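Here the structure comes first, spelled out in structure tokens, and everything after it is commentary.
Keep in mind that what you see is a predicted model, and the values were worked out from it rather than measured. Note that ligands are numbered from 1 as they come in the structure, with each ligand's atoms numbered from 1 the same way. No hydrogens, no waters, no symmetry mates; every other heavy atom, side chains included, goes into these values.
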Amino acid sequence: MRVTVLAGGVGGARFVTGLRGALGADDEITVVVNTGDDLWLSGVRLQPDIDSILYALAGVNDTERGWGRADETERVSAELRAWGAGWPWFTLGDLDLGTHLARTGWLREGLTPSQVAERLSARWPIGARLLPMTDAEVDTHVVVEGGDRLHFQEWWTRHRASLRAVAFANPGIEAATPGAGVVEAITGADVVVLAPSNPVVSIGPILQVPGIRVALGDARRVVGISPIIGGKVVRGMADACLAAIGVETSADAVARLYGRRAAGGVLDTWLVAEEDAALAPALAAEGWDVRVQPLWMSDPATSAALARAAITP
Ligand code: GDP
Ligand code: CA
């Protein structure tokens, strides 16, 4: 079976790890990863969502913190802070910096981000292909109340999403093209899954890359998993992003944001949590194939069970 997942960082990584556990050696997993969180800092290119998925699949991620490498140290970051370089509130682990330096070196040698992702993935038997959504640099910016414009990472990490966001933008995205293999991975899959990732700043930028919505229209089957359980974002601050675009933090509002393919949207099937079972009848009446399912990914077993449910016709 060929499964293609559209994903952000941590929610995406949990889901893809579960999917790998649910599938066999003959099955193919491709992950189209958000690159809107990417940025240049102290001369190196960071790709947080790609690295979150890479580290999780490689089993070298820090499961306690939820991001970065396990057994990490921060000596280089301390030096950068002493130099007044970079962002003092944005710590880069030493092992993580190794990844960023390798990536930046390869980009400087002329490799595309897609080629770099392939090289990074070759280090460990991760059991999946990681495809950046695009090779163009279309970092996410946030416009906050008062009109200031920040890089997404500054709003998210420095301000913990506390400044009220009024808009998100990915400058240049209208001229971007899907990364190498992305369209084929979507149209050639037996099923495409929108991971339970942040709908606004993880899945949102992927859907905005010209050509990706069209490819989803040509896909065999597209299934989405609610990142909202019981009216709450499970981990993180995705509610601050939803509020900025006028969408309620609820499983049905996110479903309607994505929309049904039969009605110009991107999904055929929507998985909601048991806590949100009461929302299912109204969605079904609108024509949704809505399924009620445990959606907590608390360990490899629950993540694999969710993945199995998502890919079941
Ligand atoms: P990020 O890029 O690291 O912010 O990660 P993602 O965009 O992939 O995912 C973040 C979102 O995943 C969170 O805001 C949650 O809504 C969702 N999420 C995280 N863990 C779970 C889980 O166990 N189950 C479900 N259904 N959603 C989750
Ligand atoms: Ca992210």
Side-chain angles (χ1 to χ4, degrees), residues 5-19 31-39 46-57 61-63 65-68 90 96 130 132-133 138-142 151-157 160-161 168 170 193-207 223-244 247-255 257-258 270-277 279 291-307 309-310:
V5 183
L6 273 48
V10 173
R14 281 175 191 264
F15 179 77
V16 174
T17 308
L19 180 64
V31 192
V32 176
V33 188
N34 170 46
T35 59
D37 295 8
D38 298 4
L39 74 157
L46 315 186
Q47 297 198 290
D49 287 357
I50 291 203
D51 291 348
S52 289
I53 297 181
L54 175 68
Y55 296 159
L57 288 174
N61 56 320
D62 187 324
T63 50
R65 261 190 323 187
W67 52 273
F90 197 82
D96 201 24
L130 305 187
M133 68 185 195
V138 290
D139 307 6
T140 300
H141 294 177
V142 186
H151 191 283
F152 171 72
Q153 291 296 353
E154 187 170 9
W155 179 70
W156 190 255
T157 307
R160 310 293 302 158
F168 294 89
N170 297 93
V193 183
L194 268 60
S197 286
N198 188 314
V200 185
V201 294
S202 291
I203 304 293
I206 301 177
L207 296 179
V223 178
I225 301 165
S226 175
I228 309 296
I229 300 181
K232 294 198 172 65
V233 288
V234 178
R235 302 177 173 93
M237 306 169 284
D239 43 348
C241 305
L242 285 165
V247 174
E248 185 190 309
T249 302
S250 67
D252 56 337
V254 174
L257 171 68
Y258 289 142
W270 185 236
L271 269 53
V272 301
E274 291 166 310
E275 293 89 328
D276 294 312
L279 303 173
R291 303 181 187 180
V292 179
Q293 183 68 37
L295 293 193
W296 277 96
M297 301 182 289
S298 16
D299 52 41
T302 50
S303 301
L306 174 56

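Between Val233 and Ile228 the shortest side-chain heavy-atom distance falls below 4.5 Å. Counting only heavy atoms from C-beta outward, the side chains of Asn170 and Asp139 never approach each other to under 4.5 Å. In this structure the side chain of Val254 reaches within 4.5 angstrom of the side chain of Trp270, judged on heavy atoms. Residues Thr249 and Lys232 fail the side-chain proximity criterion, which asks for heavy atoms closer than 4.5 Å. Side chains of Asp252 and Asp276 form no contact here, defined as non-hydrogen atoms less than 4.5 Å apart.
Taken to the nearest 0.5 Å, the CZ atom of Arg14 stands 8.5 Å off from the OG1 atom of Thr63. Note that CG of Asn34 and CG of Leu207 are 10.0 Å apart. Values are rounded to the nearest 0.5 Å. Note that CG of Asp239 and CD of Glu248 are 12.0 Å apart. Values are rounded to the nearest 0.5 Å.
Heavy atoms from both the backbone and the side chain of Ser197 come within less than 4.0 Å of ligand 1. Within the 4.0 Å heavy-atom criterion, neither part of Ala13 lies near ligand 1. With a heavy-atom cut-off of 4.0 Å, Ile229 touches ligand 1 through its side chain alone.
Atoms of ligand 1 found under 4.0 Å from any heavy atom of Asn198 (numbered from 1 in listed order, with element): 6 (P), 7 (O), 9 (O), 10 (C), 11 (C). Using a 4.0 Å cut-off to heavy atoms of Ser202, the atoms of ligand 1 that qualify are 2 (O), 6 (P), 7 (O). Listed by number with element, the atoms of ligand 1 under 4.0 angstrom from any heavy atom of Gly11 are 5 (O), 6 (P), 8 (O), 9 (O), 12 (O).
The distance criterion of under 3.5 Å between nitrogen or oxygen atoms is met by Gly12 with respect to ligand 1. Where the criterion is an N or O separation shorter than 3.5 Å, residue side chain and backbone included, Leu295 meets it with respect to ligand 1. The shortest N/O to N/O separation between Ala238 and ligand 1 does not fall below 3.5 Å. Between Trp296 and ligand 1, no N or O atom pair is found at a separation short of 3.5 Å. At under 3.5 Å, a nitrogen or oxygen of Val10, whether backbone or side chain, sits near a nitrogen or oxygen of ligand 1. Remark: ligand 1 and Pro196 share an N or O pair separated by less than 3.5 Å (distance only, no angle test). No N or O atom of Met237 sits closer than 3.5 Å to an N or O atom of ligand 1. Residue Trp156 has no N or O atom closer than 3.5 Å to an N or O atom of ligand 1. Considering backbone and side-chain atoms alike, Gly9 places an N or O below 3.5 Å from some N or O of ligand 1.
Restricting Asp37 to its N/O/S atoms, the shortest distance to the Ca ion (ligand 2) is reached by OD2. No other N/O/S atom of Asp49 lies as close to the Ca ion (ligand 2) as OD1 does.
The protein atom (non-hydrogen) at minimum distance from atom 16 (O) of ligand 1 is Pro227 O, 2.6 Å.
Ser250 contributes a side-chain N or O that, together with a main-chain N or O of Ala253, makes up a donor-acceptor pair within less than 3.5 Å. Listed for the His151 side chain is a donor-acceptor partner under 3.5 Å among the backbone atoms of Asp38. Without hydrogens or angle criteria, Glu274 side chain to Val292 main chain gives no donor-acceptor distance under 3.5 Å. Judged by distance alone, with hydrogens and angles left aside, the side-chain atoms of Asp49 form no donor-acceptor pair with the main-chain N or O of Val33 at under 3.5 Å.
Checking Asp49, Val234, Val254, Val200 against atom 28 (C) of ligand 1, the nearest heavy atom belongs to Val234. Heavy-atom proximity to atom 14 (O) of ligand 1, evaluated over Arg14, Met297, Arg235, is greatest for Arg235.
Residue contacts with ligand 1 include Ser226, since one or more of its heavy atoms lies under 4.0 Å from the ligand.
Within a 4.0 Å radius of atom 4 (O) of ligand 1, the protein contributes no heavy atom.
Looking at Trp155, Phe152, Trp156 one by one, the single match for ring-ring contact (aromatic ring centres under 6.0 Å, His included) with Phe168 turns out to be Trp155.
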